[in-house]
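All residue numbers refer to positions in the sequence shown, counting from 1. Owing to the predicted nature of the structure, the values given are computational and were not obtained by experimental measurement.
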Amino acid sequence: FPNGVAAPFGPDSIPTDGKLQIVFFIGFLELFVMKDVTGENDFVGDFRNGLLDFGWDNFDEETKLSKRAIELNNGRAAQMGILGLMVHEKLGGELPLVGQM
């Protein structure tokens, strides 16, 4: 499959059945999985619903806040990494200050 926008919309794009499968899977997750059905969430985005605890309730409040801050920072670092990869792909071998690589 091609890169970029050509993957979903180009001549050799992902088949329509594949696109529909992705849309329906995301819709299923949004409607049935990723919601707080029990009302016992600790923070926004906590979709455990009484399952998958992995010891979270055993931590004190300071440790919970620290772990949530670490997770947010890891997400931000991942976003910066993806942005760097996208910029690198668009620049190719020519850099504004360095020139041809």
Side-chain angles (χ1 to χ4, degrees):
F1 295 109
N3 293 336
V5 178
F9 302 115
D12 295 329
S13 67
I14 300 171
T16 304
D17 290 343
K19 293 177 198 172
L20 287 174
Q21 185 178 9
I22 292 170
V23 168
F24 284 127
F25 180 66
I26 292 172
F28 171 78
L29 289 177
E30 286 288 333
L31 293 175
F32 299 109
V33 178
M34 302 298 280
K35 60 183 185 178
D36 182 30
V37 293
T38 60
E40 56 188 53
N41 58 345
D42 289 342
F43 49 87
V44 176
D46 179 15
F47 298 121
R48 291 178 292 152
N49 293 323
L51 305 171
L52 299 175
D53 188 13
F54 297 122
W56 179 258
D57 293 331
N58 297 332
F59 295 128
D60 60 346
E61 288 302 316
E62 184 178 342
T63 305
K64 286 181 182 180
L65 287 175
S66 171
K67 288 185 177 289
R68 285 180 57 206
I70 290 169
E71 184 66 24
L72 279 172
N73 286 334
N74 286 341
R76 291 175 181 140
Q79 290 173 359
M80 290 289 103
I82 286 292
L83 182 63
L85 287 173
M86 291 189 299
V87 168
H88 174 50
E89 184 177 326
K90 289 305 279 182
L91 286 177
E94 184 74 27
L95 293 177
L97 296 176
V98 178
Q100 185 65 30
M101 293 181 61

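- Rounding to the nearest 0.5 Å gives a distance of 6.5 Å between CH2 of Trp56 and NZ of Lys64.
- The same ILVMFWY cluster, assembled from side-chain heavy atoms under 4.5 Å apart, contains both Phe25 and Leu31.
- Within a 6.0 Å sphere centred on NZ of Lys19, other residues, nucleotides and ligands contribute more than 12 heavy atoms.
- For the atom pair CZ of Phe24 and CG of Leu29, the computed distance is 13.5 Å after rounding to the nearest 0.5 Å.
- Ile26 and Val23 fall into different hydrophobic clusters, where Ile, Leu, Val, Met, Phe, Trp and Tyr side chains are chained together by heavy-atom contacts under 4.5 Å.
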Point to revise | Test log, rule side chain to side chain contact (heavy atoms under 4.5 Å, CB included), inputs Asp60 and Thr63 | key: CA-CA 5 Å; Asp60 60 346; Thr63 305; 2.3 Å; yes

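- Hydrophobic clustering keeps Ile22 apart from Phe28 (ILVMFWY residues linked when any side-chain heavy atoms are closer than 4.5 Å, directly or through intermediates).
- Evaluated for a side chain to side chain contact (heavy atoms under 4.5 Å, CB included) with Ile70, the options Leu72, Asn73, Asn74 yield exactly one hit, Asn74.
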